Amino acid sequence: MKRGGDLVITVLAGIVAIPLGLLIALLIRCTMGGPVLFRQTRTGLHGKEFEILKFRTMRDRRFPEEPDAPRITRLGELLRRTSLDELPQLWNVARGEMGVIGPRPTLPEQVVHYSTRQRGRLDVRPGLTGWAQVRGRNSITWPERIELDLWYVGNRSLGLDLRILLLTVKVLLRPAGITAAGGVNPGFPAPTEPADTGAPAPTAPDHRAPALERAPAFERAAAVERAPAVIGLPRQSTAPRPVAPARTVPSRPSPVHAAVEEAS
């Protein structure tokens with residue numbers, strides 16, 4: 001039934017999306033050249049990988065180490081702010097790789113760091129929008145997003161999906177949380193980290209607190225009951241750095257000797 005609803009929404013959205021997408025493709029071609037689409041491998045239902053589609057928003061690198069932020073074009077910034085860069089994912093929905101509602105698909109190198117419990121996020125098709133998307137999007141940490149997605153997986157229903165659709169319209173009309181501070185979500189599982197071995201993770205602060213404080217009482221109770229397994233990441237120390245002892249400079253016999261010593 002859910003799959004049927006996804007197809008109906010995709011067909012209806014396609015009536016507007018196809019001509020709009022052709023216009024966006026033409027603008028990208030004129031301003032950045034080809035390719036028009038950005039393709040990236042993501043992890044979907046039950047861990048199956050697929051190629052997600054987006055409209056391209058960044059120009060090519062001018063040098064190998066050039067960061068991403070300066071490469072975003074004015075058109076690309078507009079597409080990201082309005083979420084129109086995600087329009088090609090309607091094709092992913094039509095192919096059955098994604099649904100309309102569900103956790104956003106993540107990178108395979110991120111998924112390998114999930115605990116057994118966190119892999120429950122893969123029990124449903126990833127979606128164009130989801131519970132975490134309407135509860136903070138990229139302004140919240142990855143552990144918090146995973147917890148919100150797990151809550152959705154355990155409580156999904158037609159009523160909840162309709163609520164997410166309505167909240168998505170609100171988010172699109174008032175965009176917020178599109179990009180995290182510095183462009184990186186805190187708690188992102190780095191590829192250099194060891195995979196979860198089942199050992200108890202070190203005690204970490206509860207990063208879910210900001211969103212959960214705004215959530216209804218039944219959501220807060222469910223989150224507390226689940227005792228989340230937060231991804232253990234190295235945190236930057238907040239303790240003051242030790243002050244290095246001042247280096248004793250030996251007295252120099254004369255200005256001439258000093259110049260020679262510095263030059264050697």
Side-chain angles (χ1 to χ4, degrees), residues 21 24-44 49-89 92 98 103-114 118 121 126 128-130 132-146 148-149 171-172 174-195 204-205 207 210-211 230-239 241:
I24 293 172
L26 179 62
L27 291 174
I28 293 174
R29 190 77 180 183
C30 292
T31 56
M32 289 186 282
V36 169
L37 295 178
F38 170 74
R39 303 169 185 267
Q40 190 178 51
T41 300
R42 297 291 180 95
T43 303
E49 295 180 0
F50 69 98
E51 197 173 59
I52 198 173
L53 302 176
K54 292 186 179 186
F55 279 123
R56 188 171 163 221
T57 58
M58 294 190 292
R59 58 169 173 76
D60 293 331
R61 281 189 168 88
R62 292 171 179 165
F63 51 91
E65 293 79 18
E66 186 178 16
D68 289 343
R71 297 169 52 215
I72 302 175
T73 65
R74 293 177 65 180
L75 174 60
E77 185 178 357
L78 174 63
L79 293 177
R80 290 189 177 198
R81 187 168 64 249
T82 57
S83 296
L84 288 175
D85 60 320
E86 313 280 356
L87 211 55
Q89 288 165 38
N92 292 118
M98 294 177 60
R104 286 295 295 168
T106 47
L107 299 167
E109 55 263 36
Q110 188 177 3
V111 173
V112 297
H113 297 279
Y114 284 176
Q118 289 164 341
R121 192 176 185 269
L128 297 175
T129 184
Q133 294 298 105
V134 298
R135 303 295 294 182
R137 206 171 180 177
N138 289 323
S139 64
I140 56 180
T141 66
W142 270 107
E144 185 177 4
R145 289 172 68 177
I146 291 173
L148 290 171
D149 287 334
V171 169
L172 291 175
R174 290 186 175 184
I178 299 173
T179 306
V184 179
N185 293 93
F188 183 86
T192 54
E193 293 175 7
H207 300 286
V230 179
I231 298 173
L233 296 175
R235 295 286 179 179
Q236 184 176 359
S237 173
T238 56
R241 296 181 177 179

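Hydrogens, waters and symmetry mates play no part in the numbers below; they use all other heavy atoms, side chains included. Here the structure is a predicted model, which is why all the values come from computation and not from measurement.
A pairwise comparison of heavy atoms in Thr57 and Asp85 identifies CG2-CB, 3.9 Å as the closest pair. Smallest separation of non-hydrogen atoms from Leu107 and Thr41: CD2-O, 3.7 Å. The nearest pair of heavy atoms linking Pro88 to Leu37 is CG-CD2, 3.7 Å.
Here the straight-line distance linking atom CZ of Arg56 with atom NZ of Lys54 works out to 14.5 Å at 0.5 Å rounding. Atoms CG and CD, from Asp149 and Gln118 in turn, are 11.0 Å apart once rounded to the nearest 0.5 Å. Rounding to the nearest 0.5 Å gives a distance of 10.5 Å between CZ of Phe55 and CE of Met32. The CG atom of Leu84 lies 4.5 Å from the CD1 atom of Ile24; values are rounded to the nearest 0.5 Å. Distance OG1/Thr106 to OH/Tyr114: 3.0 Å, rounded to 0.5 Å. The CG atom of Leu87 sits 11.0 Å away from atom CG of Leu53, with the distance rounded to the nearest 0.5 Å.
Remark: Pro105 engages Arg42, Phe50, Ile52, Met98, Pro126 in a side-chain contact (heavy atoms from CB on, under 4.5 Å) (not counting sequence neighbours). Residues that satisfy the side chain to side chain donor-acceptor pair (under 3.5 Å) test with Asn92, not counting sequence neighbours, are Glu97. For the side chain to side chain donor-acceptor pair (under 3.5 Å) test, residues two or more places apart in sequence or in another chain that qualify with Thr129 are Thr168. Residues meeting the salt bridge (Lys or Arg N to Asp or Glu O under 4.0 Å) test with Arg104, sequence neighbours left out: Glu86.
Of the possible donor and acceptor atoms, none in the side chain of Arg145 sits under 3.5 Å from a partner among the backbone N and O of Ile140.
Residue pairs meeting the side-chain hydrogen bond (donor to acceptor under 3.5 Å, both in side chains) criterion with at least one partner in residues 27-39, sequence neighbours excluded, are Arg39-Glu51. Within the structure, salt bridge (Lys or Arg N to Asp or Glu O under 4.0 Å) pairs that include any residue of residues 66-77 comprise Arg59-Glu66, Arg61-Asp68, Asp68-Arg71 (at least two apart or interchain).
Here the side chains of Val171 and Gln133 are not in contact, with every heavy-atom distance at 4.5 Å or above.
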